Participant: 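Here's a structure for you.
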Amino acid sequence: MDKRYDPGSEQKIYRLWEKSGAFTPTVPKNKARQSPPFTIILPLPNASDPMHMGHAMFVIQDILCRWHRMMGEPVLWLPGADHAGIETQYIFEKRLSETGKSRFDYDRKTLYKLIWDYVEENRKINQFQLKELGFSLDWTRYHYSLEPNIVNQVLKTFRKLYQDDLLYRAERIVNYCTHCGTAFSDLEIDHVERDDFLYYLDYGPIKIATTRPETIFVDVAVAVNPKDKRYKNLIGKKAIIPLINKEIPIIADDLVEIDFGTGALKITPAHDSTDFEIGQKHQLPTISCIKLSGKMVNTIPEIDELYPSQARKKTIEMLEKQAKLVKTEPLHHTIGICYRCKNVIESLPVPQWYVKTKPLAKPAIESVKKGETKIFPPRFKKTYLDWMENIRDWNISRQIVWGPQIPAYYCLDCNPTIQINFIDKKGKIISGLYQDLKNKYQFQQIKKGLQTLNAPITADYFLKNSKNICPKCKVSHVLQETDTFDTWFLSGQWPLTTLGFNVDNPANSSPDFDYFYPTSVLDTLWDILFFWVGRMMIFGFYLAKKTPFKTVHLHAKVTDEKGQKMSKSKGNVINPSSTVQKYGADALRLALVYGTAPASNISLSDKKIEAMRNFTNKIWNASRFVKIIINRFKEQNPNLEINLSLRGLRLHVGGRGNPDDDEILSNLNQIIKSTTANLEKYRFGQASEDLYQFFWHQFCDVYIEKIKDRKEDVIPVLMHVLITSLKLLHPFIPFVTETIYQDFKQEFSLKKDLLITSLWPKAK
RNA sequence: GGGUCUGUGGCUCAGUUGGUAGAGCGCUCGGUUUACAUCCGAAAGGUCGCAGGUUCGAGUCCUGCCAGACCCACCA
């Protein structure tokens, strides 16, 4: 053994484990006679990006898996990768723009293929990184969210939702990023504070205040609060939109704040969710003045085709000229921006696919209330229930290419007003309604060069037709919906799909599903409790009638040494791979759990990782010293038989042994108890601290120092404490402990082949 | 506006059901030919944000306040 522990050969150890089959549990033929399995589904990393420190927190799962494996349970930790729709397409488009191209240069098939190839490279990197950290994942059961079997089941789920009347299309005001060309959920947009202006405009008999004068052209009413005395006599009369002199009704609605602005609100249902709500209530039309491309429409010739910010400037100029701008005052408010590209989110009416979530959420709520699904730490139970009880219908369609297309089909002949964008033979983008295009272009050309289609809300669709022939008119001018699924629609079914659940015929699911579902623990960061955990709960109950996991454990978030979030722009990112290369995976793993609490922040610093690296070296050297001592006895007495069996130990039980031995054995017994109890209660921070204290200060500093002049009778206890310590430490720092064990196994002919599959110590 | 969390030694954080405060790093002093300087020994350093309350006893439970972080929400 070298003077220092060299983590350079960690991957050799990993291959040893993998080859031994320790990561791959087998499903017993007779389920009843086997102990129940311990199962964790790895939160699937995005295949688009190399991993960051947050992913290294999966070490919690590895600790649990290794511990349960040592308890003799069949353990499955299932790895995978997520295609991560929006995220991936965003990253890819950024790269594309560096080459001077954009997504508009390609038809969907070509673009899809380009992204696919890009993701494949990264997927391999991710797999390597997970291995680098020593994660005992069953690679024979690896899954990817876009592999045919997974997608196939997801499409079946979509059809089942349709059959169960839980699916609908609706034009809704959505948060739409005209830059990314897609809609976002409320939870996906960021809010920033901004200094803007509030414009007071003259609407004839009434004055209104707005931040968005460029949208006045599609106003359909002016609303006042019914309790507002100032305007009582105006309700039912007409206001006049300036510049176009259009009359609109003055209506009353209590959503209007009396104290804000003039107390009169212009109603633009197409571009504001409050306005939309009021518009629906009063049966007012929804007319949009911003196209999906982000340009103005339905305004006046001077303004059409401008972008909203330009349009605002122009509108104000014109209002000023006509003396309709009463006053302008500064306004500090918050606006929504795209969390990806940081551009302003527009509220636009777009037809979307929705899932009715209220009935689906019910069992997912009940299960947590009853404690069938436990949430740890418990305070997140309330957060979870709040979200689930106030759940809104789920918009599952995204206007991007990267992901499985929604399996709905439109007949163009039956729906001639479908809007189509495609690339023609010359590479030019052609846009228009099908009825206008069909005489100029052949259907096959449209289909081949198709980028997107936009079917009006009234369009007829059908879900399945193997020949793609319209069931009504029997013509085959059929196109599939170009919207793709929200990523969470796929990852929400992950515990089901990866284990081989059969949506159409649950009784016909794979043996893996029967054995491993429900899984034991789902460990993730709290920020996707709703996005992911909630959706998995919903699908688990909807499809399999059972909770997908018995316990949800929320781990801590990694921050820098000052407690700040790691980000590239701050330059405080610690990269897991380079940390592993510098200090070893064990040091990083321990730094992430040592002295930490769940669902809090973990401030990670080089100093802390270094301290943990020193600990791994301490273990290495203590072991080396034990080996030196024993070999010294051997040299003195070549006939010495090293008694490593517990028979040698029994001498010490009952106070008949050496007092130093008794003390360390008693301390060892204590640490076995406390470590086991801490692991049972998810107290990884405490467990690792206690082990650190025991090994370094009780075993090394006290016991080993004392036994330096002892004779060979010390061997059984010394070896027993060391090997037992290696076992207790193994879930936390698997590489150094297994490396030492392999060395000792050879030197002293130990029976058990691998530490990873050795038995967890039992306390007396 | 509603909600959650945090405030413990210089720094970063633990502290399980209430029983007179702990760790890592840093600092000071000393040691170290003989497992490890990625080492060993010793010392300094905290009225546990503030004010009340419950209790024989509170960092730990309750109330209020102060400071900070985050989440949710339709103020144009």
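These numbers come from a predicted model, not from an experiment. To find a chain, count down the sequence lines: A is the first, B the second, and so on, and within it residues start at 1.
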Participant: Mind checking if A:S600 touches a base, just sugar-phosphate, or nothing, with heavy atoms under 4.0 Å?
Facilitator: sugar-phosphate
Participant: Please give, in whole Å, the distance from B:A73 P to A:I391 CD1?
Facilitator: 12 Å
Participant: I'd like the C1' distance from B:U63 over to B:A43, given in whole Å.
Facilitator: 42 Å
Participant: B:A76 C1' sits how many Å from A:E346 CD, rounded?
Facilitator: 14 Å
Participant: When we call it a touch if two heavy atoms are under 4.0 Å apart, what does A:T383 touch: a base, just sugar-phosphate, or nothing?
Facilitator: nothing
Participant: With the side chain of A:F260 defined as its heavy atoms from C-beta on, choose the nearest nucleotide among B:G41, B:A76, B:C74.
Facilitator: B:A76
Participant: Rounded off to whole Å, could you give me the NZ-to-P distance for the A:K557 and B:C5 pair?
Facilitator: 17 Å
Participant: Just so I know, are the side chains of A:F217 and A:C289 near enough to count as touching, which here means a heavy-atom distance under 4.5 Å?
Facilitator: no
Participant: Return the nucleotide paired to B:A42: Watson-Crick means purine N1 to pyrimidine N3 with N6-O4 or O6-N4, wobble means G-U with N1-O2 and O6-N3, both under 3.5 Å.
Facilitator: B:U28
Participant: Over all heavy atoms of both residues, which pair between A:I733 and A:T616 is shortest? Give the atoms and the distance, please.
Facilitator: CG2-CG2, 4.3 Å
Participant: Charged N to carboxylate O below 4.0 Å: is that the case for A:D272 and A:R212?
Facilitator: no
Participant: What does A:K708 touch in the nucleic acid at a heavy-atom separation under 4.0 angstrom: a base, only the sugar-phosphate, or nothing?
Facilitator: base
Participant: Kindly indicate whether the side chain of A:I365, heavy atoms from C-beta on, has any atom under 4.5 Å from the side chain of A:E389.
Facilitator: yes
Participant: Can you tell me the distance, in whole Å, between the CG atom of A:D386 and the C1' atom of B:A73?
Facilitator: 13 Å
Participant: Using atom P of each nucleotide, how far apart are B:G53 and B:G59 to the nearest Å?
Facilitator: 15 Å
Participant: At under 4.0 Å between heavy atoms, what does A:D701 touch on the DNA or RNA strands: base, sugar-phosphate, or nothing?
Facilitator: sugar-phosphate
Participant: Taking B:A67 as the reference, what is the distance to B:G15 when you measure between their P atoms (whole Å, please)?
Facilitator: 27 Å
Participant: Looking for any heavy atom pair under 4.0 Å, which part of the strands does A:A597 touch: base, sugar-phosphate only, or nothing?
Facilitator: sugar-phosphate
Participant: Check the interface with nucleotides 21-26 of chain B: list each N/O to N/O pair with the protein under 3.5 Å, or write none.
Facilitator:
from	atom 1	to	atom 2	distance (Å)
B:A23	O2'	A:Y594	OH	2.5

Participant: With both distances kept under 3.5 Å, what pairs with B:A69, Watson-Crick or G-U wobble?
Facilitator: B:U4
Participant: Would you measure the distance from the P atom in B:G3 across to the matching atom in B:U54 and give it in whole Å?
Facilitator: 28 Å
Participant: Inspect the contact between A:R632 and A:E712 and indicate whether a charged nitrogen and a carboxylate oxygen are less than 4.0 angstrom apart.
Facilitator: no
Participant: From the options B:U4, B:A35, B:C36, select the nucleotide whose nearest atom is closest to the side chain of A:R379.
Facilitator: B:U4
Participant: Under 4.0 Å between any heavy atoms, over every strand shown, what does A:R212 touch: base, sugar-phosphate, or nothing? Just pick one.
Facilitator: nothing
Participant: Are A:T675 and A:L691 close enough that some pair of their side-chain heavy atoms sits under 4.5 Å apart?
Facilitator: yes
Participant: What nucleic acid atoms does A:E257 come within less than 4.0 Å of, heavy atoms only: base, sugar-phosphate, or nothing?
Facilitator: base
Participant: Kindly state which residues belonging to residues 620-627 of chain A come within less than 4.0 angstrom of RNA chain B, counting heavy atoms of the residue only, listed by number.
Facilitator: A:N621, A:A622, A:R624, A:F625
Participant: Judged by atom type as modelled, is there a donor-acceptor pair below 3.5 Å linking the side chain of A:N225 to the main-chain atoms of A:I258?
Facilitator: no
Participant: Could you check whether A:F744 and A:F748 have their ring centres less than 6.0 Å apart?
Facilitator: yes
Participant: Charged N to carboxylate O under 4.0 angstrom, A:K381 versus A:D386?
Facilitator: no
Participant: Would you list the pairs meeting salt bridge (charged side-chain N to carboxylate O under 4.0 Å, His left out) in which at least one residue belongs to residues 602-625 of chain A, sequence neighbours left out?
Facilitator: none
Participant: Only pairs with both distances under 3.5 Å count, Watson-Crick or wobble alike; so what is the partner of B:C36 in this structure?
Facilitator: none
Participant: Scan every strand shown for a Watson-Crick or G-U wobble partner of B:U47, both distances under 3.5 Å, and answer none if you come up empty.
Facilitator: none
Participant: Specify the separation, in whole Å, of atom CZ of A:R632 and atom P of B:U34.
Facilitator: 12 Å
Participant: Looking at A:T274, does any N or O in its side chain come under 4.0 Å of the phosphate oxygens OP1/OP2 on B:A73?
Facilitator: no
Participant: What integer number of Å spans the P atoms of B:A21 and B:G46?
Facilitator: 14 Å
Participant: Which of these nucleotides, B:G15, B:A35, B:C36, is closest to any side-chain atom of A:N617?
Facilitator: B:C36
Participant: If you check the A:V256 side chain, which of B:U16, B:A35, B:A76 turns out closest?
Facilitator: B:A76
Participant: Considering only atom P, compute the distance from B:C27 to B:G10 and round it to an integer number of Å.
Facilitator: 15 Å
Participant: What distance, rounded to whole Å, do you find between the two P atoms, one in B:C56 and one in B:C48?
Facilitator: 22 Å
Participant: Need to verify one output field. Residue with the more 5' nearest nucleotide on RNA chain B, A:W696 or A:K618?
Facilitator: A:K618
Participant: Tell which nucleotide pairs with B:G59, taking only Watson-Crick or G-U wobble pairs whose two distances are both under 3.5 angstrom.
Facilitator: none
Participant: Any side-chain N or O of A:R683 below 4.0 angstrom from OP1/OP2 of B:U17?
Facilitator: no
Participant: Nearest-Å distance, CG (A:L722) to P (B:A35)?
Facilitator: 16 Å
Participant: Select from A:C700 and A:Y5 the residue whose nearest nucleotide in RNA chain B is closer to the 5' end of that strand.
Facilitator: A:C700
Participant: Figure out the CG/P separation between A:L385 and B:G3, and round it to whole Å.
Facilitator: 16 Å
Participant: Charged N to carboxylate O below 4.0 Å: is that the case for A:E329 and A:K327?
Facilitator: yes
Participant: Provide the distance between the two P atoms, one in B:G41 and one in B:C25, to the nearest whole Å.
Facilitator: 12 Å
Participant: Does A:K681 have a side-chain nitrogen or oxygen under 4.0 Å from the phosphate oxygens OP1 or OP2 of B:U16?
Facilitator: no
Participant: Judged by atom type as modelled, is there a donor-acceptor pair below 3.5 Å linking the side chain of A:K557 to the main-chain atoms of A:G54?
Facilitator: no
Participant: How long is the line joining CD1 of A:I267 and C1' of B:C75, in whole Å?
Facilitator: 13 Å
Participant: With a 4.0 Å cut-off on N to O distance, would you call A:K711 and A:D713 a salt bridge?
Facilitator: no
